[in-house]
Amino acid sequence: MSVINSGRLDRRGFLKTTAAGAIAATLPMGGALAAPKRGGHLRVGKGHGNTSDTLNPGQWTNGYVIAMTFAKDGHLTEVLADGTIGPEVAESWEASEDAATWRVKLRKGMTFHSGKPVTVEDVAASIHFHRGEDSTSAAGPLVASIDEITTEGDDTIIFKLSGGNADFPFILSDYHLAILPAKDDSIDWQSGDGCGAYVLKSFKPGISTNLERNPSHWRDSVGWFDSIEMLVLSDQNARTTALVSGEVEATDKLDLKTVDLLTRKPDLNIHSVAGPQYYSFAMDARQAPFDDNNVRQALKYGVNREEMVEKILFGYGSVGNDMPIGQNDAFYNAELEQTAYDPDKAKYYLKQAGLDSLKVDLSAADAAFAGAVDSAVLYQNSAKEAGIDINVVREPNDGYWSDVWMKKPFSAVYWGGRPVPDMMFSTAFACGAEWNDGFWCNERFDDLLITARAELDHDKRKDMYWEMQEIVSTDGSIVIPMFANYVFAANKQISMPEMVASNFDMDGERWAERWWFT
């Protein structure tokens with residue numbers, strides 16, 4: 001079994017970046033592995049995917065569609081395996097001294113799968129698609145600071161921001177911001193046309209996706225498989241059976257209860273990668289009783305975090321502290337007091353809320369994360385000692401993300417995390433953000449979010465991000481009991497680079513580009 005720990009994200013040198021290193025980052029390091037070769041049909045079972053999935057990039061919600069877009073689409077930038085940012089559709093970029101204006105130079109000679117050249121107009125339309133007051137895109141908060149998008153010649157896009165943003169190149173790597181063909185003052189997302197290493201041949205939401213290698217892709221150092229079949233295997237047993245029987249060559253979201261058994265299979269490699277992924281329980285702060293922070297605090301002290309890490313993650317993870325920044329992040333608040341299981345403190349906060357006891361429903365399904373239902377039951381048991389009665393509602397796997405998440409007032413959730421704090425906070429914690437699944441608002445937090453984004457001094461940014469983590473931990477409406485390693489399996493026929501990305505599951509969901517058959 002290989003255990004790979006992610007390193008800190010490196011933001012040094014981001015103000016002016018070229019393509020150097022982007023190709024090398026996808027190749028084996030130190031010559032330890034045989035050179036990649038082309039060929040073969042890869043079958044992957046994903047523990048994500050819904051019948052409600054769509055090709056609309058603003059509505060992508062899970063690891064299945066993230067993997068699909070990284071295979072079929074290009075993005076201006078990409079998070080490399082070492083956590084740094086590198087160019088993709090963009091060839092290079094430069095920032096003004098205040099990081100409020102960014103000039104992005106487009107790579108020449110790129111085409112969409114349809115044969116249409118990739119132009120600055122396509123790039124501008126693709127980013128603009130997620131902007132505006134009427135936007136329903138989950139990436140809306142990320143691009144809200146863009147005041148103006150203009151073009152210069154046939155290869156330069158200029159982004160003028162409302163304020164400085166030191167992490168703007170990371171923002172442009174967000175999986176929603178796929179570069180798609182411009183069409184009728186918008187973009188053509190319906191056809192599935194893209195400019196990535198693979199061409200979309202079929203997309204059956206909630207069932208399967210088929211892709212074939214793009215023979216005219218600009219980069220010959222990615223896209224080694226002839227074709228790929230992605231299967232939606234939300235059921236844990238079905239996913240494990242498909243892996244063991246050889247029906248698929250790789251799966252994510254392994255059943256951690258059976259990982260030790262899988263390590264005994266001579267034809268499998270098990271990978272565990274520490275990253276920003278966390279498992280949480282989101283409370284709707286607009287609704288009673290969750291609109292009272294005393295109740296939220298009681299629920300946070302009512303969960304036994306160590307027990308969850310032991311019994312749900314089987315050690316493949318770490319205890320969380322009700323905020324989303326992982327320990328490998330350069331801005332992680334290492335001095336934040338850890339919230340521990342304390343029934344007496346939970347009772348105290350209930351009394352502060354004027355309650356002697358509390359009864360709430362908690363919705364969960366293993367579609368949220370492997371072991372979500374068992375986690376909810378553990379939560380139920382630990383909270384009893386605090387006078388909190390949690391009724392676990394087992395929801396269907398299919399439709400969980402469309403019918404339960406952000407619909408039910410208390411629900412299990414997984415987040416893959418984001419490469420920098422600004423992206424994570426803007427996407428899921430800023431007041432009014434499309435994916436603020438706790439429907440939580442805090443004026444001080446929002447002010448700090450804007451200020452920290454524009455601050456170029458590392459130490460000053462750190463102080464602000466540390467305070468924001470404390471605010472989320474002590475006032476937020478998300479219980480985050482654990483950070484989970486990405487644990488996935490691949491047949492030994494599959495080779496991959498020595499360094500595996502940790503920003504998302506399965507090599508940052510770039511497996512389609514970076515892996516190959518030996």
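This chain uses plain numbering: 1 for the first residue, then up along the sequence. Source: prediction; values computed, not measured.
Taking each heavy atom of Val104 and Ala90 in turn, the nearest pair found is CG1-CB, 3.5 Å. Nearest heavy-atom pair across Ala489 and Ile270 is CB-CD1, 3.7 Å. Taking both residues in full, the closest heavy atoms of Ala124 and Ile149 are given as CB-CG2, 3.8 Å, listed atom of the first, atom of the second, then distance. Nearest approach of Gly74 to Cys195, heavy atoms of both residues: N-SG, 3.6 Å. Closest heavy-atom contact between Asp193 and Asp73: O-OD1, 4.1 Å. Residues His176 and Asp174 share a closest heavy-atom pair of ND1-OD2, 2.6 Å.
Counting heavy atoms from C-beta on, the side chains of Leu55 and Leu200 come closer than 4.5 Å. The side-chain heavy atoms of His271 and Asn269, taken from C-beta on, include a pair separated by under 4.5 Å. You'll find the side chain of Asp122 stays beyond 4.5 Å of the side chain of Leu180, heavy atoms only. Between Asp403 and Lys407, every side-chain heavy-atom pair lies at or beyond the 4.5 Å cut-off. Between Ser375 and Tyr279, every side-chain heavy-atom pair lies at or beyond the 4.5 Å cut-off.
A donor-acceptor pair shorter than 3.5 Å cannot be found between the side chains of Asn50 and Ser52. Residues Asn485 and Ser272 bring a donor and an acceptor atom of their side chains to less than 3.5 Å of each other. In the model, Glu509 has a side-chain atom that pairs as donor or acceptor with a side-chain atom of Trp511 under 3.5 Å. A donor-acceptor contact closer than 3.5 angstrom is absent between the side chains of Ser135 and Glu434. Defined by atom type and a distance below 3.5 Å, a donor-acceptor pair is missing between the side-chain atoms of Thr263 and Asp260. Between Arg453 and Ser426, the side chains place a donor N or O and an acceptor N or O closer than 3.5 Å (distance only, hydrogens not considered). Between the side chains of Asp235 and Asn397, no donor-acceptor pair of N or O atoms lies under 3.5 Å. For Gln493 and Thr518, the side-chain atoms include no donor-acceptor pair closer than 3.5 Å.
Between Glu249 and Arg43 there is a salt bridge, with a side-chain nitrogen of the basic residue lying less than 4.0 Å from a carboxylate oxygen of the acidic one. Arg514 has no carboxylate O lying under 4.0 Å from a charged side-chain N of Glu498, or vice versa, which leaves the two without a salt bridge. Asp366 has no carboxylate O lying under 4.0 Å from a charged side-chain N of Lys253, or vice versa, which leaves the two without a salt bridge. The existence of a salt bridge linking Arg103 and Glu152 is confirmed by a sub-4.0 Å separation between a basic side-chain nitrogen and an acidic carboxylate oxygen. Salt bridge status for Lys311 with Asp374: absent, with no side-chain N to carboxylate O gap under 4.0 Å. Under the 4.0 Å criterion applied to side-chain N and carboxylate O atoms, Lys160 and Asp147 are not assigned as salt-bridge partners. Using a cutoff of 4.0 Å between basic side-chain nitrogens and carboxylate oxygens, Lys492 and Asp267 are not scored as salt-bridged. Ion pairing of Arg219 with Glu78 is present here, as a side-chain N (NZ or NE/NH1/NH2) and a carboxylate O approach within less than 4.0 Å.
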After noting the C-alpha distance and the side-chain angles of Phe504 and Phe70, does the key distance pass the side-chain contact (heavy atoms from CB on, under 4.5 Å) rule?
CA-CA 11 Å; Phe504 286 115; Phe70 284 156; 4.2 Å; yes
Go through the steps to decide whether Asp505 and Ile66 satisfy the test side-chain contact (heavy atoms from CB on, under 4.5 Å), and finish with yes or no.
CA-CA 10 Å; Asp505 204 352; Ile66 295 174; over 6 Å; no
Give the C-alpha distance, both sets of side-chain angles, the deciding distance and a yes or no for salt bridge (charged side-chain N to carboxylate O under 4.0 Å, His left out) between Lys108 and Asp155.
CA-CA 7 Å; Lys108 291 184 179 294; Asp155 67 351; 3.8 Å; yes
Assess the residue pair Tyr400 and His48 against the criterion (ring pair (Phe, Tyr, Trp, His ring centres under 6.0 Å)); give the C-alpha distance rounded to whole Å, side-chain angles, the decisive distance to 0.1 Å, and a yes or no.
CA-CA 10 Å; Tyr400 184 83; His48 322 246; over 10 Å; no
Does the pair Ile85 and Val79 meet the rule for a side-chain contact (heavy atoms from CB on, under 4.5 Å), with working shown?
CA-CA 5 Å; Ile85 197 72; Val79 177; 4.1 Å; yes
As a quick check of understanding, evaluate side-chain contact (heavy atoms from CB on, under 4.5 Å) for Val373 and Glu395, giving each step before the final call.
CA-CA 9 Å; Val373 175; Glu395 305 281 2; over 6 Å; no
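Residue Thr251 holds its OG1 atom at 4.0 Å from CG of Leu243, rounded to the nearest 0.5 Å. Remark: Ser173 OG to Phe168 CZ distance equals 11.0 Å, nearest 0.5 Å. Separating the CG atom in Leu233 from the OG1 atom in Thr241 is a distance of 9.5 Å, to the nearest 0.5 Å. Annotation: the span from Asn237 atom CG to Asp255 atom CG amounts to 7.5 Å, rounded to 0.5 Å. The distance from the CG atom of Leu142 to the CE atom of Met423 is 5.5 Å, given to the nearest 0.5 Å. The OG1 atom of Thr119 sits 10.0 Å away from the CD1 atom of Ile179 when rounded to the nearest 0.5 Å.
In summary, the aromatic rings of Trp515 and Phe488 are positioned with their centroids under 6.0 Å apart. Two rings, from His217 and Tyr198, have their centers 6.0 Å or more apart. Side-chain rings of Tyr486 and Tyr316 stay apart, their centers remaining 6.0 Å or farther from each other. Separation of the Trp189 and Trp60 ring centroids does not fall under the 6.0 Å cut-off. For His41 and Phe517, the ring centers are positioned 6.0 Å apart or more.
A search for side-chain contact (heavy atoms from CB on, under 4.5 Å) contacts involving Ser280 returns Tyr278, Val413, Trp415, Ile478, Ile480, not counting sequence neighbours.
A donor-acceptor distance shorter than 3.5 angstrom exists from the side chain of Asn436 to the backbone of Phe439, with no hydrogens or angles considered.
Using a 30° and 60° split on the angle between ring planes, Trp405 and Trp401 fall in the perpendicular class, above 60°.
Cation-pi check for Arg107 over Trp218 is met; the charged atom lies under 6.0 angstrom from the ring centroid and within 45 degrees of its normal.
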